[in-house]
Undergrad: 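Got a structure here, written out as structure tokens. Questions coming.
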Amino acid sequence: MRQILLSLLVSIPLVACSTKETPGHDHARAAATQAPAAAPSPAPTPHDHAASTAGTRPHADHNPRHGGLVTMEGDNHVEVVVGADGAIDLYASDAVRTPIPPKDVTGTITIEPKGKGQKQTLTLAPNEAKGSLSAKGPAPDKADYTWDLKVRGAPMKMTLTVPAGGTASLVDAPAAHPAGDHAHGSPHGGVVQSLADGHVEVKLEKTGDITVWMLDAAEKPRSAKGVKASLRPVVAGSKEVELAYDEKADVLRGKIDPVKQDHVDGVLSITPAGGTATSIRFAFHLEGHAGAGHDGHGHDGHTGHEGH
């Protein structure tokens, strides 16, 4: 018996390791009894710079979490949400967009209508349920909203021009599409947005120079003559800049102080010749380049806009 067992132990490995086929060999049955092959490595996917850096690199993520507009000063961010009914919510977060509790933020917000209405300053109260600082103002109708905050002791003061309908009319979607990945191009290296009868391209450079081109529905140049426009960068201390018509280049031009931030949002107020006034949010990414929007490759910041 012992000799028989030894014979079996010796013969089993020889059978398992043999590669020689025998008559009547059943390939299907053999495959079913063998260990499954290792799964193939997944195909490489295109590198998503925004996804890989957002949440890990400071100031890499400026996408709204609450349908508002994200602003930055120093190492802090504030997302501003103004509802069509006048409700105001400010959500503070740190450099990598980790929420800051409302109890760590204090301040006021001043509303200054551009037309009718009285200037008023409201105290912002913590809303623990929302995680915001909140107040209730009048229904927005193109007014300047200036918040003056202390975020964990650090001051943060900015102004945003909010059109009728509130901030939802400025930020229907985050802006994070490189040119070529989106329906919009970037003929001059700026940021392209839709208008009712065509497009508008805005280029903000680190020098503070602003250039605006008017484009048709196919994004081909058209005249900027007769167009009225102004741009307010959402940067601490910045004011709304009126853009002047440059007849030689057939564009609109303006200038602000040199831009120190890599990420800057701006609100363009524009009235095409014979058209309707419109407010559009633009997101510029200027890192690593002295004179182009969105990483120097003309990323397209396609977001919502509203006519008044």
Side-chain angles (χ1 to χ4, degrees), residues 50 62-64 67-71 80-82 84 140-142 160-205 210-234 240-243 245-246 249-254 263-286 292-308:
H62 280 193
N63 291 328
L69 189 142
V70 178
T71 66
V80 183
V81 181
V82 180
D141 187 11
K142 197 171 185 183
L160 173 67
T161 302
V162 179
T167 50
S169 61
L170 299 174
V171 284
D172 287 345
H177 298 281
D181 288 354
H182 197 275
H184 288 167
S186 182
H188 307 94
V191 182
V192 177
Q193 297 274 27
S194 297
L195 287 173
D197 55 352
H199 298 85
V200 59
E201 180 178 2
V202 181
K203 186 175 183 179
L204 173 65
E205 305 188 47
I210 303 164
T211 310
V212 174
W213 293 267
M214 299 301 292
L215 308 173
D216 63 17
E219 297 185 16
K220 301 297 183 182
R222 61 174 178 167
S223 180
K225 188 174 183 179
V227 177
K228 304 294 183 185
S230 62
L231 181 74
R232 180 188 287 279
V234 187
E240 192 163 16
V241 177
E242 295 292 333
L243 305 179
Y245 178 61
D246 181 337
D250 198 14
V251 298
L252 301 174
R253 297 190 188 277
H263 301 252
V264 177
D265 276 10
V267 176
L268 179 75
S269 297
I270 184 169
T271 306
T276 303
T278 302
S279 293
I280 313 174
R281 171 230 177 181
F282 285 79
F284 305 97
H285 288 208
L286 309 175
H294 282 276
D295 301 321
H297 300 291
H299 287 214
D300 174 28
H302 179 64
T303 57
H305 59 275
E306 172 174 294
H308 305 301

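In this text, all values refer to a predicted model and were calculated from it rather than measured experimentally. All values below come from the heavy atoms of this structure, side chains included, with hydrogens, waters and symmetry mates left out.
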Undergrad: With sequence neighbours excluded, tell me which residues meet side-chain contact (heavy atoms from CB on, under 4.5 Å) with L231.
TA: I210, L268
Undergrad: Working to the nearest 0.5 Å, report the span between CG of L215 and CD of Q193.
TA: 11.5 Å
Undergrad: Examine distances only and state if a side-chain atom of E201 and a backbone atom of H188 form a donor-acceptor pair shorter than 3.5 Å.
TA: yes
Undergrad: Could you list the residues that satisfy side-chain contact (heavy atoms from CB on, under 4.5 Å) with P140, not counting sequence neighbours?
TA: V82, Y145, V162
Undergrad: Locate the shortest heavy-atom distance separating P233 from V264; write the atom from each residue and the value.
TA: CB-CG1, 4.3 Å
Undergrad: Do P187 and V192 come within less than 4.5 Å of each other through their side chains, counting heavy atoms only?
TA: yes
Undergrad: Can you name the residues that form a side-chain contact (heavy atoms from CB on, under 4.5 Å) with S230, not counting sequence neighbours?
TA: E240, E242, S269
Undergrad: Quick check against the 3.5 Å criterion: does T71 have a side-chain atom that pairs as donor or acceptor with the backbone of L69?
TA: no
Undergrad: Check whether any side-chain N or O of H199 sits under 3.5 Å from a backbone N or O of S194 as a donor-acceptor pair, and report yes or no.
TA: no
Undergrad: Rounded at 0.5 Å granularity, tell me how far CD1 in I270 sits from CG in L195.
TA: 5.5 Å
Undergrad: With sequence neighbours excluded, tell me which residues meet side chain to side chain donor-acceptor pair (under 3.5 Å) with D246.
TA: R253
Undergrad: Output all residues satisfying side chain to side chain donor-acceptor pair (under 3.5 Å) with T271, sequence neighbours left out; order by chain, then residue number.
TA: none
Undergrad: Can you measure from OG (S279) to NZ (K142) and round to the nearest 0.5 angstrom?
TA: 5.5 Å
Undergrad: Where is the tightest heavy-atom contact between Y245 and A224, given as atom of each residue plus distance?
TA: CE1-C, 3.6 Å
Undergrad: Mind checking side chain to side chain donor-acceptor pair (under 3.5 Å) for R232 and listing every partner two or more places apart, or none if nothing turns up?
TA: D144, T161
Undergrad: Give, for atom CZ of F284 and atom CD of E205, the distance between the pair rounded to the nearest 0.5 Å.
TA: 11.0 Å
Undergrad: Got a salt bridge between D265 and R281, using NZ or NE/NH1/NH2 to carboxylate O under 4.0 Å?
TA: yes
Undergrad: Passes side-chain contact (heavy atoms from CB on, under 4.5 Å), L160 versus V267? Steps please.
TA: CA-CA 8 Å; L160 173 67; V267 176; 3.5 Å; yes
Undergrad: May I ask you to decide if the ring planes of H285 and H263 are parallel, tilted or perpendicular, using 30° and 60° as cut-offs?
TA: perpendicular
Undergrad: Rounded to the nearest 0.5 Å, what separation is found between the NZ atom of K225 and the CG atom of L252?
TA: 13.0 Å
Undergrad: Between F282 and V200, is there a side-chain heavy-atom distance shorter than 4.5 Å?
TA: yes
Undergrad: State, with a plain yes or no, whether a side-chain heavy atom of D250 is found less than 4.5 Å away from one of P221.
TA: no
Undergrad: Can you name the nearest heavy-atom pair linking P272 to T276, along with the distance?
TA: CD-O, 3.5 Å
Undergrad: Rounded to the nearest 0.5 Å, how far apart are CH2 of W213 and NZ of K203?
TA: 5.5 Å
